[in-house]
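Owing to the predicted nature of the structure, the values given are computational and were not obtained by experimental measurement. Every chain is numbered from 1, with letters handed out A, B, ... down the list of sequences.
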There are 2 protein chains.
Amino acid sequence: MNILSYGLLGLLTREESSGYDLMLKIQPHWQAKHSQIYPLLSKMENDELLASRWVQQSDKPDKKMYAVTEKGIEKLLGWMTTPVTAPVTRDEFNLRILCVGIAEDGSMRRILNERKNWFMERIRYFEDLKSRIPQDHLRVGSREFGSYILVQKGLMNAQTGIEWCNWVTQLLDGQAAIQDPCPSISEK
Amino acid sequence: MNILSYGLLGLLTREESSGYDLMLKIQPHWQAKHSQIYPLLSKMENDELLASRWVQQSDKPDKKMYAVTEKGIEKLLGWMTTPVTAPVTRDEFNLRILCVGIAEDGSMRRILNERKNWFMERIRYFEDLKSRIPQDHLRVGSREFGSYILVQKGLMNAQTGIEWCNWVTQLLDGQAAIQDPCPSISEK
DNA sequence: TTGACCATGTAATTAGTTACATGATTAC
DNA sequence: GTAATCATGTAACTAATTACATGGTCAA
């Protein structure tokens, strides 16, 4: 049982879903390909944490719907009381920045712009996710409350990323002093 | 050649370092254990991207110092012109939040507090890193400029994380309306 | 004396990605 | 017709973690 397994288990307590559904639902919060998810679901079914049934569809391919078992819920509740592990971020961008000094002069600006665009794309992505959450689920304690606050987290992080990009650009342009703290820091 | 390899290569263009040194230097920007770094360095030396020599120390164990070769620099420059891949973050916290509804009432506040403390610890960590960068290296184009802006990035992200935790806490306390945008978003 | 730091490595395992494989429907 | 979406799986590989293994110095 790795972390992803618990995430899938958690999503399945909300509603019965296919592996494909789960892949789409977990994407915003944990990147995983279908090739990792399908075997994991099989394994969990084998361990009797999940139960499955095939559902025929007329227009689309048949799908295998999974649901959590009593044993699965117990497992999930057990996980909920364990300490949360620290996040792991791996960003090639950081390593690029670290050795940008050895490349030609424009490369810093190039990757900075690339990253800023990526953050803007992220904002569009999260805004879209947010718009898909039904209004009546935006209450504390409602089923989608978790999704809502996580989307907001994603938006805030992307916003901060853009602010950082702007700050570095200003430094490169000589429009800001190097010791100047970043906007977000100075506000606190 | 994975991303980490290029990061190590990049650090080595700054100065000759041991595997142990590299492990410490890369930590803030890319988490990797010594057990991954040592074999990678061996492999890169085998590919003639690096050269090594043993240095005896009286008080501490002997160390193997690595330096980039001409071939290594070429490899690094080639990498610098390739498109930067998107960052990957895996955070158990997100999956917890997603299924916090099925646990007892206090669990949301518990993990929220846990995470806020982690962010505060992060700020101390990055402030410490920042204080170790010599003042005369805080210029655009200086050797440590990349480290400096990355540390600032880490500080900004942690700050945003704390703001998000506070926002969610207010929601739980009923002190903020659910549709209220987060502080950082509203400013833009 | 116990734990942290220095220093290097290998072995075993898990987690995650890429590629292989198939096939229907729908929208441009 | 060509790409995207739906839908499920396996095989091969790479990346990363955990565990095994050793051993000296220094500080609380």
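- Judged purely by distance below 3.5 Å, without hydrogens or angles, the side chains of B:Thr69 and B:Glu48 never pair a donor atom with an acceptor atom.
- The distance from atom NZ of B:Lys25 to atom P of C:dC6 is 13 Å, rounded to the nearest whole Å.
- In this model, the phosphate group of C:dT18 is approached by a side-chain N or O of A:Lys33 to a distance below 4.0 Å at OP1 or OP2.
- For B:Ile37 and C:dA7, the CD1 to C1' distance is 13 Å, given to the nearest whole Å.
- Between the C1' atom of C:dT14 and the CG atom of A:Leu4 lies a distance of 13 Å, rounded to the nearest Å.
- Taking side-chain N and O atoms only, A:Gln31 has no distance below 4.0 Å to OP1 or OP2 of C:dG16.
- The side chain to side chain contact (heavy atoms under 4.5 Å, CB included) test applied to A:Asn46 returns no partner, not counting sequence neighbours.
- Note: CD (B:Glu92) to P (C:dG16) measures 12 Å, nearest angstrom.
- Side-chain contact between A:Cys99 and B:Met80 is present, with at least one heavy-atom pair separated by less than 4.5 Å.
- When the P atom of C:dT14 is taken as reference, atom CG of A:Leu40 falls 13 Å away, rounded to whole Å.
- Nearer to the 5' terminus of DNA chain D, by closest-nucleotide assignment, is the contact made by A:Lys63 (compared with the other of A:Gln36 and A:Lys63).
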If a protein heavy atom is under 4.0 Å from the base, mark B; if only from the sugar-phosphate, S; if neither, -; do that for nucleotides 21-28 of chain C going 5' to 3'.
--B-S---
Candidate pair A:Tyr66 and A:Trp54, rule ring-ring contact (aromatic ring centres under 6.0 Å, His included), full reasoning
CA-CA 9 Å; A:Tyr66 285 95; A:Trp54 279 94; 9.1 Å; no
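- Within the 4.0 angstrom heavy-atom criterion, base atoms lie near A:Ser35.
- Protein chain B contacts DNA chain D from D:dA15 to D:dT25, reading 5' to 3' and using non-hydrogen atoms of the protein with a distance under 4.0 Å.
- Results of the side chain to side chain donor-acceptor pair (under 3.5 Å) test with A:Ser147 over A:Gln152, A:Arg14, A:Arg132 single out A:Arg14 as the only residue that passes.
- Rounded to an integer number of Å, the gap from A:Tyr38 OH to C:dG16 C1' is 17 Å.
- A donor atom on one side chain and an acceptor atom on the other are not found under 3.5 Å apart for A:Asn166 and A:Thr169.
- Both tests pass for A:Arg96 against the ring of B:Trp79: distance under 6.0 Å to the centre and angle within 45° of the axis.
- Taking atom CG of residue B:Leu95 and atom P of nucleotide C:dA15, one finds them 14 Å apart after rounding to whole Å.
- Place B:Arg90 and B:Leu24 on DNA chain C by their nearest nucleotides, and B:Leu24 ends up nearer the 5' end.
- Counted by atom type alone, B:Ser18 and B:Asp21 present one or more donor-acceptor pairs between their side chains at under 3.5 Å.
- Ring to ring, B:Trp164 and B:Phe93 are close: their centroids are under 6.0 angstrom apart.
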